[in-house]
Amino acid sequence: MTEQNTQSLLQQIDNPSQMKELSIAELGTLAGELREFIIQSVSKSGGHLSSGLGTVELTIALHHVFNTPDDRLVWDVGHQSYPHKILTGRREKMSTIRTKDGLSGFPRREESPYDTFGVGHSSTSISAALGMAIAAKAQNSERRVAAIIGDGALTAGMAFEALNHAGDLDANLLVILNDNDMSISPNVGGMSNYLAKLLSGKLYSSMREGSKKVLGKMPSVWELARKAEEHMKGMVVPGTLFEELGFNYIGPIDGHDMDTLVTTLSNMRKLHGPQFLHIVTTKGKGYTPAEENPIAFHGVGKFCPESGKLEKSSAKSPTYTQVFGSWLCDMAKADEKLVAITPAMREGSGLVEFSEQFPERYFDVGIAEQHAVTVAAGMACDGLKPVVAIYSTFLQRAYDQLIHDVALQNLPILFAIDRAGVVGPDGATHAGSFDISYLRCIPNMTIMAPSNENECRQMLSTGFALNSPSAVRYPRGTGPNSKVNTDFTTLPIGKAEICSKGQHIAILAFGSVLAEGLEVASKLNATIVNMRFIKPLDENLLLQLASDHDVLVTLEDNAVMGGAGSAVNEFLLKQQCQNRILNLGLPDIFMEHASREQILDDAGLSTSAILRAVEDFLKTEELAKHVTLA
């Protein structure tokens, strides 16, 4: 890189190999430019900000030291991967992030050879990286593997399962704990950084291995030496747990000190066996608004980079999440047995107000979905009334617990399932595409899907009043701006609602797609039904509709395979009904990230797409002569 070059350092980096010859000072300059680029880019596109700002120096140091993409870097979740994307040839495409046909908001194998593992759900990095390290060993490869995991993701059992396994092997795996929330920051400073360099260096590691060989022949002496080393390290570093799991622990070090990062990573890359590096960083580092409020700037819409002021939502009605949060507080006041459980999604699931008003009845279990469901089961066994607030895509991770610990024992637990159906820019990893399919086959479950905000509140009250498991699945964002009452009205179990009557065609809408169904019904002079319940179905109404209409059309924002439409088919087939049935839902593919409207159109669930599908179906069934557009 010549001084005469007028381009910034960042503008000259199109792949990580160009960073190999940069000095520590130049890497520091690059960090400043990269941080400013991220702020400016995300302010225009929206996306994840705080996490990425905190990993700028780490990302640069990793690509400077490791031979990527041959060496494998595995990011956990991926919120912190924006710096990685920018440095691996995608800088000019960052304006497209999380938009249709643009960059994914998470690492993705199809997008770049530097994205070694697709992520989106938490706590998978160590398991995946260990698998890669085992593969490298099996292939006699010197390839190195590093997993980068945050302290939040380390709360998951899966992470500790992987650590426990890795410590028992001699695969060359480096686990980097990016700690930005644990209360050990006083240990970070000059002495800690110096010790990390020393303990990761060749002299210390050679002496340690040599001592093992010599003292290993004298077990009692070796055990005394090992305990003495642990005691010495335990006085200055908090790594005893990881040492006991079989890792060589180094840290904590300052994750924003480029010299310490590069030196320590360079040393640790040469070490054999399982290694654990503990770094401490600041979320939102270098951008004051994000440092002061990292949660608000975790996932943001567009904002003013100078002031940090976030763009206000134009929505006039409360989101479904806000409706749930309000109902939860109201119901907690009415019933002292109510308790709320979340797997580390307090803000996303609308539990902030509840956690402040009822701290003794609020349980954030960390990123541990399996535990969240089973601890709720234990509470229900002994008289409490648990409400589990969870995203649809995350409930998938606790499926066995849902069946074995809750449904099999028929325990009264209400699952408030947020982000059901299409989620938009977060893409396939976060889409709630499968919950109807995986819930409706479970005995004892009652499953509801609201078509508007007030109905969401009524369904929550209905499920909470049951003495058996229930689920209310509702979408991200706002509904049709329905007035929300403040009472606890319940709905009759398994009863649908006819919105308007027509001829020949009956449209059965499950959940939020009722809005599109109403428009289609008006154009086709069709009957439109708000089904409300996926399980149990309104069987009497279905039989009546089947007798009065030639064609039934089911609509759902769930996988069409095994979904609500399939439930209708199964029932009518059992009754030997001869109606023609068209099932419309999400197709048998993973829908790419885009706006909700674009995804619905691509899935055939927009008003125009539904209308086309019905008209094409009528032609194939020779029923078009019976139907005229209104």
Side-chain angles (χ1 to χ4, degrees), residues 48 51-52 54-55 58-59 61-63 65-66 68-85 88 104-136 143-169 171-182 241-242 245-247 249-251 255 265 268-269 273-281 283 298 343-344 366-370 393-394 396-397 428-430:
H48 294 105
S51 300
T55 57
L58 173 63
T59 306
L62 282 168
H63 282 296
V65 170
F66 285 79
T68 56
D70 185 54
D71 284 344
R72 311 299 200 222
L73 301 182
V74 183
W75 298 93
D76 206 279
V77 185
H79 295 145
Q80 72 277 47
S81 66
Y82 285 19
H84 164 81
K85 285 178 179 278
T88 53
S104 168
F106 304 96
R108 184 176 179 184
R109 283 168 56 85
E110 298 89 342
E111 191 174 286
S112 169
Y114 293 93
D115 291 359
T116 60
F117 196 75
V119 295
H121 286 189
S122 170
S123 314
T124 62
S125 60
I126 304 176
S127 296
L130 177 59
M132 294 175 185
I134 292 170
R143 182 173 64 242
R144 296 305 172 114
V145 185
I148 304 96
I149 186 169
D151 54 277
L154 203 63
T155 63
M158 183 177 178
F160 282 93
E161 290 170 15
L163 287 170
N164 184 56
H165 185 202
D168 197 41
L169 304 175
N172 295 325
L173 170 68
L174 170 61
V175 175
I176 301 172
L177 171 59
N178 174 29
D179 172 9
N180 49 41
D181 202 33
M182 294 174 74
L241 169 64
F242 304 107
L245 286 170
F247 282 78
Y249 173 93
I250 302 295
L265 286 170
M268 297 191 78
R269 188 186 179 278
Q275 308 294 321
F276 195 101
L277 175 61
H278 184 172
I279 73 170
V280 176
T281 61
K283 273 189 176 180
H298 168 71
I367 301 175
E369 294 88 355
Q370 293 173 307
T393 186
F394 299 152
Q396 295 166 186
R397 308 184 84 180
T429 58
H430 284 57

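Note that this is a predicted model, so its numbers are computed, not measured.
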Visitor: Got a second to check how far Tyr82's OH is from Thr55's OG1, nearest 0.5 Å?
Guide: 11.5 Å
Visitor: Taking the ring of Phe242 and the ring of His278, is the distance between their centroids below 6.0 Å?
Guide: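 No: the rings miss the under 6.0 Å criterion.
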Visitor: How would you list all residue pairs meeting salt bridge (Lys or Arg N to Asp or Glu O under 4.0 Å) that involve residues 125-134, not counting sequence neighbours?
Guide: none
Visitor: Considering all heavy atoms of both residues, which atom of Gly120 and which atom of Phe106 are nearest to each other, and what is their separation?
Guide: CA-CD2, 4.1 Å
Visitor: Restricting to side-chain hydrogen bond (donor to acceptor under 3.5 Å, both in side chains), what partner residues turn up for Lys85, sequence neighbours left out?
Guide: Glu111
Visitor: Only pairs at least two apart or in different chains count here, so list each salt bridge (Lys or Arg N to Asp or Glu O under 4.0 Å) that has a residue in residues 112-133.
Guide: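 Found Arg90-Asp115.
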Visitor: Could you pull out all residues at least two apart from Gln275 that satisfy side-chain hydrogen bond (donor to acceptor under 3.5 Å, both in side chains)?
Guide: Asn248
Visitor: Is there a side chain to side chain contact (heavy atoms under 4.5 Å, CB included) between Val280 and Asp179 once you walk through the steps?
Guide: CA-CA 5 Å; Val280 176; Asp179 172 9; 4.1 Å; yes
Visitor: For Ala133 and Leu173, work out which heavy atoms get closest and say how close.
Guide: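 Scanning both residues completely, I find the closest heavy atoms to be CB-CB, 4.3 Å.
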Visitor: For Asp71, what residues pass the side-chain contact (heavy atoms from CB on, under 4.5 Å) criterion, not counting sequence neighbours?
Guide: Phe66, Asn67, Arg143, Arg144, Arg269
Visitor: When rounded to the nearest 0.5 angstrom, what is the spacing between CG in Leu163 and CZ in Phe276?
Guide: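 Here the rounded value is 6.0 Å.
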Visitor: Could you state the interatomic distance from CD1 (Ile250) to CG (Leu177), rounded to the nearest 0.5 Å?
Guide: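 So the gap between those two atoms works out to 13.5 Å.
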Visitor: Name all residues meeting the ring-ring contact (aromatic ring centres under 6.0 Å, His included) criterion together with His165; count only those two or more places apart in sequence or in a different chain, and write none if there are none.
Guide: none
Visitor: I need the full list of salt bridge (Lys or Arg N to Asp or Glu O under 4.0 Å) pairs touching residues 152-161, with sequence neighbours left out, sorted by first then second residue.
Guide: none
Visitor: To check you understand the geometry: which heavy-atom pair defines the closest contact between Ala166 and Pro274, and what is its length?
Guide: O-CG, 3.8 Å
Visitor: Measure the CG-OG1 distance between Leu62 and Thr68 for me, rounded to the nearest 0.5 Å.
Guide: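 Interatomic distance, Leu62 CG to Thr68 OG1, rounded to 0.5 Å: 9.0 Å.
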Visitor: Could you tell me the separation between the NZ atom of Lys283 and the NE2 atom of His298, rounded to the nearest 0.5 Å?
Guide: 6.5 Å
Visitor: Could you work out, with side-chain contact (heavy atoms from CB on, under 4.5 Å) as the rule, every residue matching His121, not counting sequence neighbours?
Guide: Thr393, Phe394, Gln396, Arg397
Visitor: Between Thr88 and Tyr114, which heavy-atom pair has the shortest distance, and what is it?
Guide: CG2-CG, 3.5 Å
Visitor: Please examine the side chains of Leu169 and Ile134, heavy atoms only from C-beta on, and report whether any two atoms are closer than 4.5 Å.
Guide: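 Heavy-atom side-chain distance check passes, below 4.5 Å.
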Visitor: Can you list everything that forms a ring-ring contact (aromatic ring centres under 6.0 Å, His included) with His63? Sequence neighbours excluded, please.
Guide: His84
Visitor: Is it true that a side-chain atom of Ser51 and a backbone atom of His79 form a donor plus acceptor pair closer than 3.5 Å?
Guide: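 Checked: no pair found.
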Visitor: Enter the distance from Ile176:CD1 to Ile149:CD1 here, rounded to the nearest 0.5 Å.
Guide: 11.5 Å
Visitor: Which pair of non-hydrogen atoms, one from Leu265 and one from Ala61, has the smallest distance, and what is that distance?
Guide: CD1-CB, 3.7 Å
Visitor: For Gly273, is there any backbone N or O sitting under 3.5 Å from a side-chain donor or acceptor partner on Asn172?
Guide: yes
Visitor: Should Thr59 and Leu73 count as side-chain neighbours, where that means a heavy-atom distance under 4.5 Å?
Guide: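 Counting from C-beta outward, Thr59 and Leu73 never come under 4.5 Å.
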Visitor: Taking only residues two or more places apart in sequence or in another chain, which ones pass side-chain contact (heavy atoms from CB on, under 4.5 Å) with Thr116?
Guide: Arg72, Val74, Met132
Visitor: With side chain to side chain donor-acceptor pair (under 3.5 Å) as the rule and sequence neighbours excluded, what pairs involving residues 122-135 come up?
Guide: Asp76-Ser125
Visitor: Below 4.5 Å, heavy atoms only, C-beta onward: do Ile279 and Asn178 meet side chain to side chain?
Guide: yes
